[in-house]
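Everything below concerns the one structure shown next.
Numbers restart at 1 for each chain; the letters A, B, ... are given by sequence-line order, proteins then strands. Every value quoted in this text rests on a predicted model; they were computed, and no experiment measured them.
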2 protein chains.
Amino acid sequence: MRHRTSRDIRTANRYEVLRQIIAQSPTSRQELAAATGLSLATVATLVGELLDLRMITEVGFEDSAGGRPRGLVAVNASGGALIGVDIAETYVRVELFDLGLNVLARADEDMRPGESRPEQVVGHVAAAVGSVVTQAGVEGARVLGVGVSVPGQVDRDTGVAEYAPNWDWHDVPLLDMLAEHIAYPLYLDNPLRACAVAEQWFGAARGRGDAVVVNLGTGVGAGLVLGGGLHRGVSNSAGEWGHTTLVLDGRLCHCGNHGCVETYVGAPGIMLNLRELSPKSTLLHPEDQTATIDALARGVAERDPVALKVVRDTARYLGAGIADLVNLFNPQVIVLSSWVAAALGEPLLTEVREAVARHALRRPFAATEIVLSPIPTDPVCLGAATFALEGALSSIGGQRPTRRTARSRD
Amino acid sequence: MRHRTSRDIRTANRYEVLRQIIAQSPTSRQELAAATGLSLATVATLVGELLDLRMITEVGFEDSAGGRPRGLVAVNASGGALIGVDIAETYVRVELFDLGLNVLARADEDMRPGESRPEQVVGHVAAAVGSVVTQAGVEGARVLGVGVSVPGQVDRDTGVAEYAPNWDWHDVPLLDMLAEHIAYPLYLDNPLRACAVAEQWFGAARGRGDAVVVNLGTGVGAGLVLGGGLHRGVSNSAGEWGHTTLVLDGRLCHCGNHGCVETYVGAPGIMLNLRELSPKSTLLHPEDQTATIDALARGVAERDPVALKVVRDTARYLGAGIADLVNLFNPQVIVLSSWVAAALGEPLLTEVREAVARHALRRPFAATEIVLSPIPTDPVCLGAATFALEGALSSIGGQRPTRRTARSRD
DNA sequence: AGGGGTTAGGAAAGGGGGTTTACAAAGTCC
DNA sequence: GGACTTTGTAAACCCCCTTTCCTAACCCCT
């Protein structure tokens, strides 16, 4: 249990100020102070730091009520680039962002079922990272860092993928291997936490002390934002909500247990819900999760009774599971994220809200918002890039206090 | 989302030092520095503060390896008194502690089923508090504070019991009402968090950053110690684990939901497990939870097959539920607390460990210890008193720096 | 008995951090 | 052009922790 130091306070405040600037660009120091609750002096110092780092720039002035005009600052989009890497079971996706977190370039690499050796995956990642840097035409020096998300349990400090169930990896020194191909600072974590941090910085969890980001994809999990920070647990594997028991002695899960949430609301689980209801439905595309979920979404839009029923059943399971999260964590907001949530959208959300209302305790439920993720792009890449951003912001504390040298503002 | 300030660091360190002193009295500054990871200078300042407050005293010297002997400090048991109040459905229990957290006096007041009005409860509390102060013969001035635990949802800042399901209280200004009868500083919270804080200070969660305290009584809940602090949630109702769904469409719970954990592993749930297995068992004492649980415990000790089976069944439910906690929180330790856990003891623990092993993910499970609470007395009273202790320690930050006046050591 | 070695603990200096206060800068209004 | 307003920086201050220096207190050895 490491001690909290005053430096942590500084880092947290730096995060908060930059978050706020990214969220609302351009903005004034006054507004930042009001939004963050910090004093004007502190905001001014932090803004000065960020200006020195060229992460933001002064962009003009705003009339004040009869006095000196407010100076405005905005993200300096071209002040650097961040790269997010989403390693999944069947593909590697890499996105390059500017500092406004806009996607400048993207590269996808498909991985064949056989390609599961770490060396092969590392090769794909290196190729894709090289590709986005070339595409975006940024000089390498401007890349502030590369965040890598890999499913499973990782040690973010040593950069080791301790356990990745997809490929049966054990203690793969992924970051060291990548470092041989990639010269930028590297950061490792898993998709659950990537999505959580993306919501915390840019999504529905912004400014919320306690939030749970529910990830609905092929697998299912929850990213926990508690007390303003990511909760990681003692071995960095907190948030394994997908293997929570929802139905005692229920469906068999690949984890060996029965009745896991994932077997009912993960994409394969939803397919099973559909198959059990209507084995011959045309909505069902065996062997293709994405197609099936998309077909369901279209079906719901067209008021197809089978699709409606499947979504309702799924929402019922999901609602019971989310109600548990509401009761346990009493968060301000629960965010539904990842591709299944994005595909099924509002209809799912509505049903889920009703189901949660039935299962959760009244008062905690009343305190909790349930929303869809407002993030339009791949949240895993964005979150991974955010790890790189956080890394860049933390490391500046380490070096000397960056004495501001005569910064002219004309 | 309030900001963290440098004062919070000080308070946390103060807690840690005093915790350590209470745990191991007498002790030296050197040992404290090693145990807390703080510098010697900081430890010395904090120890000085506590000496000034008369919470600890210098008690002698210890030989060092050939140099100046180490000064030893110990809790000054008679330096003050703390009172913990445990308000439950059918009784009010009040205990008075010295600063070593030893029980000096105890008072129990039974409440008849009809007596549910706040005024009546307040009357009982006031009477019992008066009683323990008289019994212990301490001067009133030495009482540092009174911690009150009431089941349900409370607002600890305003001292309002927002919702107490036992008596259908809504927004009762409990602390204001008590303040008319009790002149000491008052602190309000609920039994879940009281047990958690008791474990954090004096029990199995000491020194652990992440711990879950599972409360097994008539009701069931979990106190969450995350990142070294209590997690309260946005409306101070985090930890309502008892109403987590364990069996979809299972037993009806008084909360209106089906299949809640509480209906299987709360005392009434265990009685139902017994009744379903063997309706005419002599172990069953209808209308008397305590007697039934005690009978079960004796039955297990005597290898009664029915008792063994009931405990095994209960442990199976409990294990599935606790496995969810292991997966979600990835804590260092899970503590089983409250009277049902104490009564069923080791046999329950053994079965629970096996059941959790079957349900939880392998790696998080390997990182988590599961233990019985080592606290021998009523953990709720102890925890409530601890709230008063924490209050006394926090408030000293507010006043002036207590300039140390010539403290002679002869 | 008196010095040298060793360890404990206090006092002062130093480096972070945040806030308050004072003041210069840059406008508006009369 | 002067008075008023508002912004933003600089300086002073308080809090916190650590490092460094020095004295206190004890041991051992001569």
For A:A35, side-chain contact (heavy atoms from CB on, under 4.5 Å) partners two or more places apart | A:Q20
Calculate, to the nearest 0.5 Å, the distance between atoms OG1 and CD belonging to A:T386 and A:Q200 respectively.
-> 9.5 Å
Identify, with sequence neighbours excluded, every residue that meets salt bridge (Lys or Arg N to Asp or Glu O under 4.0 Å) alongside B:D8.
-> B:R2
Sequence neighbours excluded, which residues qualify as side-chain hydrogen bond (donor to acceptor under 3.5 Å, both in side chains) partners of A:S78?
-> A:N76
What is the distance, rounded to the nearest whole Å, between atom CG of A:L72 and atom P of C:dG27?
-> 13 Å
Rounded to whole angstroms, how far apart are CD on A:E62 and P on C:dA26?
-> 18 Å
Salt bridge (Lys or Arg N to Asp or Glu O under 4.0 Å) involving B:R142 - partner list, sequence neighbours excluded = B:E139
Does B:R4 have any salt bridge (Lys or Arg N to Asp or Glu O under 4.0 Å) partners at least two apart in sequence or in another chain, and if so, which?
-> none
Roughly how many Å is it from CZ in B:F61 to P in C:dA8, rounded to a whole number?
-> 13 Å
The helix from C:dA1-D:dT30 to C:dC30-D:dG1: angle between its terminal axes, five pairs each, to 10°?
-> 30°
When rounded to whole Å, the CZ to C1' distance for the pair A:R14 and C:dG18 reads 14 Å
Please check the phosphate of D:dT9 (OP1 and OP2 only) for any side-chain N or O of A:R29 closer than 4.0 Å.
-> yes
Between D:dT9 (P) and A:D52 (CG): distance, integer Å = 12 Å
Hits for side-chain contact (heavy atoms from CB on, under 4.5 Å) against A:S64, two or more places apart or cross-chain, chain-then-number order -> A:R70
Check: A:R68 side chain, D:dT7 base, donor-acceptor under 3.5 Å = yes
Output one line per pair: protein atom, nucleotide atom from nucleotides 17-19 of chain D, and distance, for all N/O pairs under 3.5 Å.
from: D:dC17; atom 1: OP1; to: B:N13; atom 2: ND2; distance (Å): 2.3
from: D:dC17; atom 1: OP2; to: B:R10; atom 2: NH1; distance (Å): 2.4
from: D:dT18; atom 1: OP2; to: B:S39; atom 2: N; distance (Å): 3.0
from: D:dT18; atom 1: OP2; to: B:S39; atom 2: OG; distance (Å): 2.8
from: D:dT18; atom 1: OP2; to: B:T42; atom 2: OG1; distance (Å): 2.8

Output yes when at least one side-chain N/O atom of B:Q30 is less than 4.0 Å from OP1 or OP2 of C:dG9, else no.
-> yes
If you round to the nearest 0.5 Å, how far is CD1 of A:I21 from OG1 of A:T36?
-> 10.0 Å
Sequence neighbours excluded, which residues qualify as side-chain hydrogen bond (donor to acceptor under 3.5 Å, both in side chains) partners of B:T11?
-> none
Check the distance between D:dC16's P and A:H3's NE2 and give it to me in whole angstrom.
-> 14 Å
Atom-to-atom span, CG of B:L32 to P of C:dA8 - whole angstrom = 13 Å
Short N/O separations, protein against nucleotides 27-30 of chain D, under 3.5 angstrom:
from: D:dC27; atom 1: O4'; to: B:G66; atom 2: O; distance (Å): 3.3

Partners passing side-chain hydrogen bond (donor to acceptor under 3.5 Å, both in side chains) against B:S6 (at least two apart in sequence or in another chain) | none
Take atom CZ of B:R7 and atom P of D:dC13, then tell me their distance rounded to the nearest Å.
-> 18 Å
Not counting sequence neighbours, which residues clear ring pair (Phe, Tyr, Trp, His ring centres under 6.0 Å) with B:F202? List them please.
-> none
